[in-house]
Amino acid sequence: MTYHPKSDFMAVMMERGFLADCTDYQGLDEAAAKGSMPAYIGFDATAKSLHVGSLIQIMMLRWLQKTGGRPITLMGGGTTKVGDPSFRADERPLLTADQIDDNIAGIKKVFSAYIDYNDGPSGAMMLNNAEWLDDLNYLEFLRDIGRHFSVNRMLSFESVKSRLDREQSLSFLEFNYMILQAYDFLELNRRYGCLLQMGGSDQWGNIVNGIDLTRRVLDHEIYGLTSPLLTTSDGKKMGKSASGAVWLNADMLSPYEFWQFWRNTTDADVGRFLKLYTELPLDECDRLGALGGAEINDAKIALANAVTGLLHGDDAAAAAEATAREVFEKGGVGDDLPTLELSAEEIGDGMSIVQVIVKSGLAKSGKEAKRLIAENGARMDDAPLTNAGLMLDAAALASPIKLSAGKKRHALVKLAT
């Protein structure tokens, strides 16, 4: 549809590619144009860090604040105890209250890099839904909230229907998740005047539920907006790399490895990712995205620097680029490369190169490491590594060794001091 927004927020969402669907374009646009509109996104605490798959939502909250709105980051201290079944094949493992609290503490670190938490009109708020979910009285909740939900309708949502169609079990616990998420929106509206819930397009059914519930209980008009579920141009889900999840916390993935993930973006994705994950002007995103041949590498470096700079700071981005140039262009050993330190006790009489490759994170298993060597994809100090039976002792690590898997993934291995 063609809609010409009045608010800066809606203009950014549409122009930069954040908008997949919206429950009421005009109503939301008018609410945003009034300024200081509170809006939230929920983040369940299933790990100690969010990964790149959540970055599009974090950028939406950042743009909301930059255009005068008030972001609410809602930690799922309560809902994580249930687990969102949306489009999953199996039930999430249940976490203890202590595990959830630890995960929330880890996740919170990232947000302050993107969003300003203060008491001003557009100051962000960090909330936890355990505040209202933990103390619910079950019978009262069933009577006051449960009566507004039709099981027939809940079964029709694609996230549930796809699971049942595959004859995969859906527990009653998980089935309740959408009611709890709907209740979050109701409570945020009642307590903080929250007018908008945002999320990935897989959350559409949950968001609509919250809007319907709030209308029925409070008779308030609120809105929902979803972003596209991002895949790369080669069909891979955003957030995964060859070596695993691309975490946002520096203690789970180094700034260099994060920078390298963006530097390795497929040519076809560069322009789109510049618009979504950086604040470069639109015409600059288009110019960089349209570069061809070897010049597209300059665009990828601009993307990697801008995204890494937002999360880890400009100094970390510059250090990552310097390391990459040292490693790739000059064949040197960069200081910022992921490093594996092995103690003399660990090495003992010798450790096989296959074990070292796995420990360094360049392969997930011994089988994968052996295949890498057999297919001439492994290098040691930039020379082809062909002997899968090679043993390394402490003397061999007297000076650091650089291991490489393919052209783009490297690690240093050295003796712990």
Engineer: Which atoms form the tightest heavy-atom contact between L248 and L311, and what is the distance?
Structural biologist: O-CD2, 3.4 Å
Engineer: Given the rule in the side-chain hydrogen bond (donor to acceptor under 3.5 Å, both in side chains) test, do Q203 and Q181 qualify, once you have shown the distances and angles that lead to the verdict?
Structural biologist: CA-CA 10 Å; Q203 294 298 313; Q181 187 172 326; 3.2 Å; yes
Engineer: Can you check whether K108 reaches T73 side chain to side chain, under 4.5 Å on heavy atoms?
Structural biologist: no
Engineer: For N129 and D184, indicate whether the former's side chain and the latter's backbone hold a donor-acceptor pair under 3.5 Å.
Structural biologist: no
Engineer: Could you tell me whether the side chain of S360 and the main chain of L340 form a donor-acceptor pair under 3.5 Å?
Structural biologist: no
Engineer: Are side-chain heavy atoms of L225 and L19 found at a separation under 4.5 Å?
Structural biologist: yes
Engineer: Looking at R143 and E140, is there a salt bridge between them, counting it only when a charged N and a carboxylate O are closer than 4.0 Å?
Structural biologist: no
Engineer: So which atom in S201 and which in L229 form the shortest heavy-atom distance, rounded to 0.1 Å?
Structural biologist: OG-CG, 3.4 Å
Engineer: Could you grab the distance from atom OH of Y223 to atom OG1 of T214, nearest 0.5 Å is fine?
Structural biologist: 12.5 Å
Engineer: What verdict does the side-chain hydrogen bond (donor to acceptor under 3.5 Å, both in side chains) test give for Q57 and S54, after you've listed the backbone C-alpha separation in whole Å, the side-chain angles of each residue and the deciding distance to 0.1 Å?
Structural biologist: CA-CA 6 Å; Q57 266 78 50; S54 299; 5.4 Å; no
Engineer: With D21, which residues qualify under side chain to side chain donor-acceptor pair (under 3.5 Å), at least two apart?
Structural biologist: none
Engineer: What are the two closest non-hydrogen atoms of L64 and A39, and how far apart are they?
Structural biologist: CD2-CB, 3.6 Å
Engineer: Of all heavy-atom pairs between P255 and A320, which one has the smallest distance, and what is that distance?
Structural biologist: O-CB, 4.4 Å
Engineer: With rounding to the nearest 0.5 angstrom, report the CD1 to CG distance, I211 to L196.
Structural biologist: 8.0 Å
Engineer: Which pairs count as ring-ring contact (aromatic ring centres under 6.0 Å, His included) when at least one residue sits in residues 30-50, sequence neighbours excluded?
Structural biologist: Y40-F185, F43-F111
Engineer: Is the backbone of N305 close enough, under 3.5 Å, to the side chain of E321 for a donor and an acceptor to pair up by distance?
Structural biologist: no
Engineer: Is there a donor-acceptor pair closer than 3.5 Å between any side-chain N or O of T23 and the backbone N or O of G224?
Structural biologist: yes
Engineer: Do the side chain of S365 and the main chain of E368 share a donor and acceptor less than 3.5 angstrom apart?
Structural biologist: yes
Engineer: Let me see the working for V208 and R153 under side chain to side chain contact (heavy atoms under 4.5 Å, CB included), right down to the final yes or no.
Structural biologist: CA-CA 12 Å; V208 169; R153 187 157 181 264; 3.6 Å; yes
Engineer: Would you check if L230 and L276 make a side-chain contact, meaning some heavy-atom pair closer than 4.5 Å?
Structural biologist: yes
Engineer: Please identify each residue that fulfils side chain to side chain donor-acceptor pair (under 3.5 Å) with D144, with sequence neighbours left out.
Structural biologist: none
Engineer: Among T265, D267, D269, find the one that has a side chain to side chain donor-acceptor pair (under 3.5 Å) with K300.
Structural biologist: D267
Engineer: Which distance, rounded to the nearest 0.5 Å, do you find between the CG of L74 and the CG of D44?
Structural biologist: 8.5 Å
Engineer: Could you tell me whether D134 and K81 have a side-chain N and a carboxylate O separated by less than 4.0 Å?
Structural biologist: yes
Engineer: Counting only heavy atoms not in D251, do more than 12 sit closer than 6.0 Å to its CG atom?
Structural biologist: yes
Engineer: Nearest 0.5 Å please: distance from the NE2 atom of H51 over to the CE atom of M252.
Structural biologist: 10.0 Å
Engineer: Under the rule for side chain to side chain donor-acceptor pair (under 3.5 Å), what residues qualify as partners of R215, not counting sequence neighbours?
Structural biologist: E221
Engineer: Side chain of R70, backbone of G123: donor and acceptor closer than 3.5 Å?
Structural biologist: yes
Engineer: Assess the residue pair R379 and L385 against the criterion (side chain to side chain contact (heavy atoms under 4.5 Å, CB included)); give the C-alpha distance rounded to whole Å, side-chain angles, the decisive distance to 0.1 Å, and a yes or no.
Structural biologist: CA-CA 5 Å; R379 297 172 79 82; L385 179 59; 5.6 Å; no
Engineer: How long is the gap from NZ on K34 to OG on S36, to the nearest 0.5 Å?
Structural biologist: 12.5 Å
Engineer: Taking side chain as C-beta onward, heavy atoms only, is I353 less than 4.5 Å from L392?
Structural biologist: yes
Engineer: Between P71 and L61, which heavy-atom pair has the shortest distance, and what is it?
Structural biologist: CG-O, 3.7 Å
Engineer: Can you list the steps and then say if L253 with F261 is a side chain to side chain contact (heavy atoms under 4.5 Å, CB included)?
Structural biologist: CA-CA 11 Å; L253 188 81; F261 170 78; 5.8 Å; no
Engineer: What pairs with R16 under side chain to side chain donor-acceptor pair (under 3.5 Å), at least two apart in sequence or on another chain?
Structural biologist: none
Engineer: The test is side chain to side chain contact (heavy atoms under 4.5 Å, CB included); show your working for Y192 and L127 and say whether it passes.
Structural biologist: CA-CA 11 Å; Y192 303 100; L127 302 172; 3.5 Å; yes
Engineer: Using a 4.5 Å cut-off on heavy atoms from C-beta on, say whether the side chain of L310 contacts that of M59.
Structural biologist: yes
Engineer: I'd like to know if the side chain of N176 reaches the main chain of F172, judged simply by a donor and an acceptor atom lying under 3.5 Å from each other, with no hydrogens or angles considered.
Structural biologist: yes
Engineer: Is it true that a side-chain atom of N264 and a backbone atom of Q260 form a donor plus acceptor pair closer than 3.5 Å?
Structural biologist: yes
Engineer: Around atom CG of N137, are there more than 12 heavy atoms from other residues, nucleotides or ligands closer than 6.0 Å?
Structural biologist: yes
Engineer: Can a donor-acceptor pair be found, under 3.5 Å and without considering hydrogens, that links the side chain of S49 to the backbone of N249?
Structural biologist: yes
Engineer: Show me the pairs that pass side chain to side chain donor-acceptor pair (under 3.5 Å) and involve residues 276-292, at least two apart or across chains.
Structural biologist: R62-E279, K275-D286, E284-R287
Engineer: Would you indicate whether the side-chain heavy atoms of V246 and L55 approach each other to under 4.5 Å?
Structural biologist: no
Engineer: Looking at CZ of F175 and CZ of F149, how far apart are the two atoms once the value is rounded to the nearest 0.5 Å?
Structural biologist: 10.5 Å
Engineer: Could you tell me whether the side chain of L291 reaches within less than 4.5 Å of the side chain of V270, counting heavy atoms only?
Structural biologist: no
Engineer: Does I58 reach the side chain of L50, with side-chain heavy atoms less than 4.5 Å apart?
Structural biologist: yes
Engineer: Which heavy-atom pair separates R409 from G361 by the least distance, and what is that distance?
Structural biologist: NH2-O, 3.3 Å
Engineer: Does N206 reach the main-chain N or O of M178 with its side chain, forming a donor-acceptor pair under 3.5 Å?
Structural biologist: no
